[in-house]
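Remember, predicted model here, so these are calculated numbers, not experimental data. Counting convention: from 1, in listed order, for ligands and their atoms alike.
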Amino acid sequence: MYEFAVAPAVTSIRRRGVAITAITPSSIGAEFELEPGDRIIKVNGRVVRDYLDFRFQTGGETDLVIEVRKQSGEDWELQIERDESEDFGLSFEQIVPRQCANECIFCFCKGNPEDARPSLFIRDEDVRLSFLYGNYTTLTSITEDEMQRIVEQRLTPQYVSVHATNLDVRAYLLGIEKERADISEKLRRLLDAGIEIHAQVVLCPAINDGEVLRQTIFDLASYYPRVSSVAVVPLGLTRYNTDARLTAVTPEFCRQTIKAVTQIQQELHSRLGTTFAFLGDEIYLRAGRAVPGRKHYGDYPQIEDGIGMVRTFCNEFGALLRRLERNPPQHQRQISGTIMTGTLFAPVLEAQMKKLNERFGMRLHVTAVQNEYFGGDVSVAGLLTGGDILGASNRIRGDFVIVPKTTLKSDEEIMLDGMTLETLRQRLGVPVHPADLGGFANLISDQQLQN
Ligand code: SF4
């Protein structure tokens with residue numbers, strides 16, 4: 001199993017170069033008659049593996065020799081002169097993620113129902129995606145080539161799942177041998193080369209909490225500011241991940257964690273001038289505690305990991321209320337509908353909607369939807385499915401339903417259980433609007449919600 005697990009990390013079948021998917025009219029690409037399906041093979045003699053390579057190898061270059069394999073099979077060599085600021089007007093195929101070589105006991109892939117969308121089973125572990133999107137990697141199977149690439153192309157920051165600096169604990173959590181779990185040398189190399197690291201700990205009760213967590217945070221803090229933050233997020237268990245080694249996160253565990261980590265944060269704040277180790281929003285919500293204020297999060301270094309999202313939402317909602325006070329929506333009293341969200345976020349949303357209803361006479365009802373698809377302690381809005389929302393249909397009030405935009409695929413109106421938005425609309429029999437806060441603000445302002 002281990003041999004197999006290692007292999008995909010380095011052997012995914014890859015054609016040479018990077019494929020062009022679109023060309024902007026009147027751009028350099030159009031001028032040189034490049035077409036979708038053509039592949040850029042080399043730039044100035046250097047191999048191009050993906051669009052990051054293309055970006056890196058063309059950056060700042062004004063005289064270029066670009067080798068292209070045309071879709072027809074012809075090879076072209078283009079001599080291009082351009083102003084430094086002139087864009088090529090090319091869009092490229094997406095990066096195919098490398099897969100991890102771990103067997104983490106808490107892996108989210110083990111928590112999926114068998115019929116879940118294939119993309120939910122992708123165990124990506126890719127330093128390029130870490131740089132581009134903040135995806136976490138464990139660095140356990142990173143190749144020398146990738147290490148060099150991070151440094152040469154300045155793929156900084158990198159997001160690293162450390163989980164524990166205690167090697168026995170890390171190896172146990174990742175399901176691999178200690179030798180491979182030990183990334184201390186790799187981390188040092190990256191840090192010495194000026195690569196910034198954001199770390200993550202998936203907190204598993206009775207495994208890497210307590211003294212192990214304390215040690216992990218202080219070990220990482222000793223590298224501050226090169227290691228610039230640590231996100232501590234709770235283990236999430238679905239009904240399918242029944243590994244006996246895992247203990248579910250309870251509200252009491254969250255309260256104890258807040259107590260312990262608050263002390264560490266205070267100590268580090270007086271020493272480093274920053275919170276450094278941030279707890280996931282979920283920990284505060286499950287503990288029944290308010291999330292910390294804006295100052296706590298600084299410049300929100302781990303927002304992509306769900307750290308500070310509730311604080312940001314509340315602050316932005318406050319700004320929305322102030323805007324609406326100045327410029328109230330027309331027919332505000334006719335706005336009546338239901339906003340569906342996960343059980344975790346529902347109390348936060350409800351408190352905000354109450355303000356909106358009281359000030360503007362709207363009738364917006366928040367419905368906390370249970371996640372039956374994943375079950376377990378999954379309670380975040382983004383993992384709700386069409387089936388879950390249908391299951392709450394008897395609680396719909398008013399003329400429309402708003403569902404979190406994050407329940408849909410980013411490039412398609414389809415939910416995690418494969419239900420399309422259109423089907424959901426037909427089955428609910430009312431207009432359904434996917435929206436984030438910005439979308440919600442537009443909806444109530446531009447009368448789309450009124451009959
Ligand atoms: S949690 Fe991440 S690193 Fe661990 S096995 Fe799953 S995909 Fe791989």
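Comparing heavy-atom distances from atom 5 (S) of ligand 1 across Cys109, Ser141, Cys104, Ala101 singles out Cys104 as nearest. Comparing Tyr136, Phe106, Phe108, Phe121 against atom 2 (Fe) of ligand 1, the shortest heavy-atom distance belongs to Phe108.
Close approach of ligand 1 to Arg123 (heavy-atom distance below 4.0 Å) involves ligand atoms 5 (S), 7 (S).
Counting only N and O atoms by type, the side chains of Thr275 and Gln265 include no donor and acceptor under 3.5 Å apart. Using modelled atom types and a 3.5 Å distance limit, the side chains of Ser229 and His198 yield a donor-acceptor pair.
Surrounding CZ of Arg294 are at most 12 heavy atoms belonging to other residues, nucleotides or ligands under 6.0 Å away.
Heavy atoms of Cys107 found under 4.0 angstrom from ligand 1 belong to the backbone as well as the side chain.
For atom 3 (S) of ligand 1, the closest non-hydrogen atom on the protein side is Asn102 ND2, 3.3 Å. The single protein non-hydrogen atom nearest to atom 8 (Fe) of ligand 1 is Cys100 SG, 2.2 Å, given as residue, atom name and distance.
Annotation: Phe313 is in aromatic contact with Phe345 [ring centroid separation under 6.0 Å].
Nearest approach of Leu237 to Ala248, heavy atoms of both residues: CD1-CA, 3.9 Å.
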